[in-house]
Each structure stands twice: as structure tokens, then as C-alpha cells.
Amino acid sequence: MLVAPSILSADFGHLARDVEAICDAGCDLVHVDVMDGHFVPNLTIGPVVVEAVAKAASKPLDIHLMVENNSFFVDLFAPLEPEFISFHFEEEKHPHRLIQKIRSLGIRPAIVLNPQTLPEMLEFLLEDLDMVLLMSVNPGFGGQKFIPSVIEKAQRLKALIEKRNPHCLIEVDGGVNDVNVKELAAAGVDVVVAGSYVYKHPNGVEEAIRSLK
Ligand code: DX5
Ligand code: ZN
């Protein structure tokens, strides 16, 4: 299992320290939640802070956009050379076009589905995607409860991926812990995002990441 800790649960007063800690502890990606206060009822960080995160990180960035104007934000973050940029299917009129744009910038494109969105909506986009991110909470906040129906959704998505593009990864984000990660792995999930589980683990981030892997 690849592990992408979400820095949303880090101490923003010591952000560089907390980014270095997860990288030193063996995470695979650094998950960065960008919220604009419109698509979701929360506001997080922009390019100035994400640039500082990129400097502190020795692992690739996984930027999760929760914004209204996706293309504008892709242009803002592309110079930081993240590994992935993911955008919400629910907020994009022309997802196929945006996927091509992200790839043309040398970044791996990913699409995010909210809890209600059918995985079948992606069938004819899968061949162009490197990853699909399934939300297992409503986007906007860390520390929420895992929605178990994402397991069935991951299984259905896995079947479609095997048919259309076996290289496409499945990532799950929200409420992930050392218990539900086992079900996610069995359902074919490749990458888990975990914020509060990693940063609030009583034995520290290293033990948290190890237990998810
Ligand atoms: C929620 C974010 C998540 C969040 C995960 O909108 O996309 O990445 O930080 O936090 P936990 O793991 O605490 O649910
Ligand atoms: Zn996220």
C-alpha cells in the first residue's frame, strides 16, 4: 500500500518540520489539500505555502484540488512540478480537456469522485488517467468518519480499470486508519491518504505510516 499523508492535519506553525517528518518516516507521496472556500466550505493554502511544502518535501507532491476554477489552479501549481494533480469530476465541465492539459504540463492527471458519484462515469476517461481518487468523506475537512460504501465503489472501479487501463491507480481519501486500510487493500486500492491518523498517532508518524503499509 502506498501512503500519502495529508498535511491538512500538520501543525501549520511548524509546517516544514511536519513535512520533513512524514518524508523521513517513509511516506510515498505528500498529499496537499487545496480548498477555495467555494467548491468546499473551507479555505486552505495557495501557491506560496505549497512552494514551501515542496521545498521541505523529499517525496513527490500529490495535489488535491477542491476548487471551482480547476484550470486556473492547475496553472498556479504546475511550476511546483507535483507528481499528481487531481481535480473533482463534479466541478469540471470538460474533464477530458483538463486531463490533456495536466499531462501536457508533465504532471500525472487524476480525477476525484465525491461519495455520491458513480465510478462508471469515468469509464471513457480511464485510458487517459493515471489515478482515480475516491473520497471516503465529504471533502472539506480532516478528521471525519470513513464512509464504508467506498469499498464497494473501489471494487467496481477496479473492474473497470482492469478492462480499460490497468496502469491507473486507485487512491482513497478520508477517515482512513489501520483497520479500514485492510478492506481497502482487498478491494484493489493502491494509495491511501491519511491526515489525522498519521499526525495524531500516539506513537508518532513513523509508526502510523508503517501500520498503514
Ligand atoms: C478532506 C481532504 C483529506 C483530509 C483527510 O477534504 O481531502 O485529504 O485531509 O484527513 P483525514 O485522514 O483526517 O480524514
Ligand atoms: Zn485530500
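Each ligand, and each atom within it, is numbered from 1 in the order the structure gives.
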At the Zn ion (ligand 2), NE2 of His31 and OD2 of Asp173 open up to roughly (10° bins) 100°
Before giving the answer on salt bridge (Lys or Arg N to Asp or Glu O under 4.0 Å), spell out for Glu92 and Arg97 the whole-Å C-alpha distance, their side-chain angles and the decisive distance to 0.1 Å.
CA-CA 10 Å; Glu92 184 50 51; Arg97 179 181 292 150; over 6 Å; no
If the cut-off is 4.0 Å to any non-hydrogen atom of Val193, which atoms of ligand 1 fall inside it?
8 (O)
Counting C-beta onward and ignoring hydrogens, is there a side-chain heavy-atom pair between Phe89 and Val112 closer than 4.5 Å?
no
Test log, rule side chain to side chain donor-acceptor pair (under 3.5 Å), inputs Ser6 and Asp33
CA-CA 7 Å; Ser6 164; Asp33 290 301; 2.7 Å; yes
Nearest non-hydrogen atom to atom 5 (C) of ligand 1 belongs to which of Val198, Asp173, Val192, Val40?
Asp173
For His31, the ligand 1 atoms with a heavy-atom partner under 4.0 Å come out as 8 (O)
For Gly174, take its heavy atoms, then give the atoms of ligand 1 lying under 4.0 Å from any of them.
14 (O)
Residue Pro139 vicinity, atoms of ligand 1 by number, heavy atom under 4.0 Å
6 (O)
If we only count N/O pairs under 3.5 Å, is Gly175 in contact with ligand 1?
yes
closest protein heavy atom to atom 6 (O) of ligand 1 is Gly140 N, 2.8 Å
Does the pair Arg108/Glu83 count as a salt bridge with the N-to-O cut at 4.0 Å?
yes
Candidate pair His64 and Asp62, rule side chain to side chain donor-acceptor pair (under 3.5 Å), full reasoning
CA-CA 6 Å; His64 174 191; Asp62 174 31; over 6 Å; no
Is there a donor-acceptor pair closer than 3.5 Å between any side-chain N or O of Asp75 and the backbone N or O of Ala78?
no
Should Phe141 be listed as contacting ligand 1, given a heavy-atom distance under 4.0 Å as the test?
yes
Check each atom of ligand 1 against the heavy atoms of Met135 and keep those under 4.0 Å away; list them by number with element.
7 (O)
For atom 10 (O) of ligand 1, what's the nearest protein heavy-atom neighbour? Residue, atom name and distance, please.
Gly142 CA, 3.6 Å
Considering the heavy atoms of Leu8, write down every atom of ligand 1 situated less than 4.0 Å from one of them.
9 (O)
My understanding is that we take every heavy atom of each candidate and find the minimum distance to atom 9 (O) of ligand 1. Doing that for Pro5, Ser6, Gly195, which one comes out nearest?
Ser6
Atom 2 (C) of ligand 1: which protein heavy atom is closest, and how many Å away?
Asp33 OD1, 3.4 Å
Stepwise salt bridge (Lys or Arg N to Asp or Glu O under 4.0 Å) check, Glu20 with Arg17:
CA-CA 5 Å; Glu20 284 163 11; Arg17 178 199 69 187; over 6 Å; no
Is any side-chain N of the basic residue among Asp130 and Arg103 closer than 4.0 Å to the acidic one's carboxylate O?
yes
Mark up the atoms of ligand 1 that fall under 4.0 Å of a heavy atom belonging to Ala194, in ascending order.
12 (O)
Ser211 and Tyr197: side chain donor to acceptor below 3.5 Å
yes
Over all atoms of both residues, closest heavy-atom pair of Val34 and Val67:
O-CG1, 3.8 Å
Does Asp190 use its side chain to pair, donor to acceptor, with the backbone of Glu171 at less than 3.5 Å?
no
Vertex the Zn ion (ligand 2), arms to Asp33 OD1 and His64 ND1, rounded to 10°:
90°
So if I count the atoms of ligand 1 from 1 in the order they appear, which ones are less than 4.0 Å from some heavy atom of Ser196?
11 (P), 12 (O), 13 (O)
